[in-house]
2 protein chains.
Amino acid sequence: MMKSKAKPAAKTRIQSENQDLILKAALDVFSTYGYRGATVDQIAAKCGLSKPNLLYYFRRKEDIYTAVLEHTLTEWLIPLRMLDVTNDPITELTNYISTKLEMSHRNPAASRLFANEVLHGAPHIRKFLNGPLKDLVEAKAAVIQTWIEAKKIKPVDPQHFIFSIWAVTQHYADFAVQVEAIMGPKPDRLKTQTAVLEILLNGLKISP
Amino acid sequence: MMKSKAKPAAKTRIQSENQDLILKAALDVFSTYGYRGATVDQIAAKCGLSKPNLLYYFRRKEDIYTAVLEHTLTEWLIPLRMLDVTNDPITELTNYISTKLEMSHRNPAASRLFANEVLHGAPHIRKFLNGPLKDLVEAKAAVIQTWIEAKKIKPVDPQHFIFSIWAVTQHYADFAVQVEAIMGPKPDRLKTQTAVLEILLNGLKISP
DNA sequence: GTCTATAATATGATAGAC
DNA sequence: GTCTATCATATTATAGAC
């Protein structure tokens, strides 16, 4: 469960470069095949290190996995943290949704890694879900509630609304294969963004 | 890829009972651990058969997996097929969304099995996605488009709207651990349903 | 049809030379 | 720090008795 003793101290330039290589390759392999489906061999091959050399940097397979997860999670919540109660709600929510779509598009592997972890019961990040994530969602649900009470947007259950945003935006990364099977390869990103914003936000706008 | 030669012909009562047992246990194990994470041992233990006996019914692990997937997929699309252009759109869509939420709640394992398969590139159901699924979505997108042109609902991209429905409804099954970490155990189902219907449909309703 | 025993393989992890 | 070689284990799959 997020043992940060996993990584050895990175001191030399070669060490820190190799660590980056490993984490990048591991994100790729773990997100494609899942924790159990990924093999240390694959990760080693992908970053051009020998298996024993890779295991010199991270003693166990699980240590690589938790390192990548940790790295991903810290970045993942930044956009939600930025939701600011003092600004216009539609502007803020448009911004948040667009940023999440953008992140899912730029780094689908990270989205899939996280999806896979939660799908299988989140054994490595239970504490994170019950602690920091829960706290953050409650704080931001309160922000949305404030907007509702100020009649700046129509009423909606704030927590479920946040879930819906996550669900829809991450869908385009996690289920990309399915989306492309139906829409053809390389779906128009602007069209996607416009559609998602309309679907999620039109119901909230106060009628003119 | 969906080789239906997988199952031996089930003739005796014992055989067909055991097949059901196996498929039920396999759905559970595969959806929890993923294809690679699941072991034949686990499935055998769960349904009370010995491993060799299980492998008498399905020669290879992969055959069990494809059988379960096939079984799941056929049931999964029934609600979307029922979307009827001649009825009131809000009634029809309310019905569809409610049914999908209900299915996700009653059988989260099926939802997760499918999610896991697509997440990892859908190696076993590519043909299904590119064929039957694509055709069905195009047909039902046309239904929604008809409603829009008849001014019965506000304009929305029909395909992306279908994706959003899938994303949000399946989220409550696939990410149940996360939802419960934030909302507490056993979230109020009626409240969830009401919230999801509002979020997805309020933007479509023609102003009174 | 069902079992025990076991083969064949894949894979995580380590020992020890350089 | 990095490599080759190898161990130990887990797991799919089969052979063959009953």
Side-chain angles (χ1 to χ4, degrees), chain A residues 3 5-69 116 120 123-124, chain B residues 3 5-69 116 120 123-124:
Chain A
K3 297 158 197 146
K5 64 185 167 189
K7 306 181 226 180
K11 292 198 163 164
T12 75
R13 193 176 56 89
I14 267 194
Q15 278 177 327
S16 105
E17 275 181 10
N18 277 344
Q19 283 226 0
D20 278 4
L21 273 178
I22 294 169
L23 290 180
K24 212 165 265 177
L27 173 59
D28 236 58
V29 175
F30 280 127
S31 69
T32 305
Y33 301 100
Y35 176 71
R36 193 65 152 49
T39 72
V40 178
D41 267 324
Q42 281 175 301
I43 301 171
K46 187 142 224 155
C47 61
L49 296 178
S50 68
K51 184 160 59 169
N53 194 9
L54 193 163
L55 288 167
Y56 163 78
Y57 288 95
F58 297 91
R59 276 181 57 82
R60 301 176 312 154
K61 179 185 180 181
E62 199 182 349
D63 293 343
I64 314 175
Y65 182 70
T66 52
V68 180
L69 250 187
N116 196 63
H120 296 351
H124 298 85
Chain B
K3 296 158 198 147
K5 64 185 169 192
K7 305 183 224 178
K11 293 195 164 165
T12 76
R13 196 177 54 88
I14 268 193
Q15 277 177 329
S16 104
E17 275 181 11
N18 276 346
Q19 282 225 0
D20 278 5
L21 273 178
I22 293 169
L23 290 180
K24 212 165 266 179
L27 172 59
D28 237 57
V29 175
F30 279 126
S31 71
T32 306
Y33 301 100
Y35 175 73
R36 192 68 153 48
T39 72
V40 179
D41 265 327
Q42 283 176 299
I43 300 171
K46 188 142 224 158
C47 60
L49 297 177
S50 70
K51 183 160 56 171
N53 194 9
L54 194 162
L55 288 167
Y56 163 78
Y57 287 95
F58 296 90
R59 276 180 58 84
R60 301 175 311 154
K61 179 185 180 180
E62 199 181 349
D63 293 343
I64 315 175
Y65 182 69
T66 52
V68 180
L69 251 187
N116 197 63
H120 296 351
H124 298 85

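Values in this document were obtained by computation on a predicted structure and should not be read as measured data. Just so it is clear: chains get the letters A, B, ... in the order the sequence lines come, proteins before strands, and each one is counted from 1.
By the ring-ring contact (aromatic ring centres under 6.0 Å, His included) test, Tyr65(A) is found to be paired with Phe30(A), Tyr35(A), His124(A), residues two or more places apart in sequence or in another chain being considered. Asp20(B) is linked by a side chain to side chain contact (heavy atoms under 4.5 Å, CB included) to nothing, counting only residues two or more places apart in sequence or in another chain.
What separates CD1 of Ile64(B) from C1' of dT11(D) is a distance of 13 Å, to the nearest Å. With rounding to whole Å, Tyr65(B) atom OH is found 20 Å from dA13(D) atom C1'. Nucleotide dT14(D) holds its C1' atom 15 Å from the CG atom of Asp63(B), rounded to whole Å. Straight-line distance from the OH atom of Tyr56(B) to the P atom of dC3(C): 12 Å, rounded to whole Å. Between the C1' atom of dA10(D) and the CG atom of Asp41(B) lies a distance of 9 Å, rounded to the nearest Å. In this structure, the CG atom of Asn53(B) is 16 Å from the P atom of dA13(D), given to the nearest Å. The separation between Leu54(B) atom CG and dA13(D) atom C1' is 12 Å, rounded to whole Å.
Dashed line: the shortest gap from a side-chain N or O of Tyr57(B) to OP1 or OP2 of dT2(C) is under 4.0 Å. Considering only side-chain N and O atoms, Ser50(A) lies under 4.0 angstrom from the phosphate OP1 or OP2 of dC3(D).
The minimum heavy-atom distance linking Cys47(B) with Ile22(B) is given by the pair SG-CG1, 4.1 Å. The two atoms that bring Tyr33(A) and Ala38(A) nearest to each other are CB-N, 3.7 Å, heavy atoms only.
Sorted by first and then second residue, the salt bridge (Lys or Arg N to Asp or Glu O under 4.0 Å) pairs with a member in residues 42-52 of chain A read Asp28(A)-Lys46(A), Asp41(A)-Lys51(A); sequence neighbours excluded.
For the pair Arg60(A) and Thr66(A), the minimum side-chain heavy-atom distance is 4.5 Å or more.
Counting non-hydrogen atoms under 4.0 angstrom, Ala44(A) reaches nothing in the nucleic acid.
Counting only heavy atoms from C-beta on, Arg36(A) has its side chain closest to dT11(D) among dT2(C), dC3(C), dT11(D).
No option in Leu23(B), Val68(B), Ile43(B), Val40(B) other than Leu23(B) meets the side chain to side chain contact (heavy atoms under 4.5 Å, CB included) test with Phe58(B).
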Practice task
Sugar-phosphate means primed atoms, P, OP1 and OP2; the rest is base. With that split, encode nucleotides 13-18 of chain C 5' to 3' as B, S or - using protein heavy atoms under 4.0 Å.
Solution key: BB----

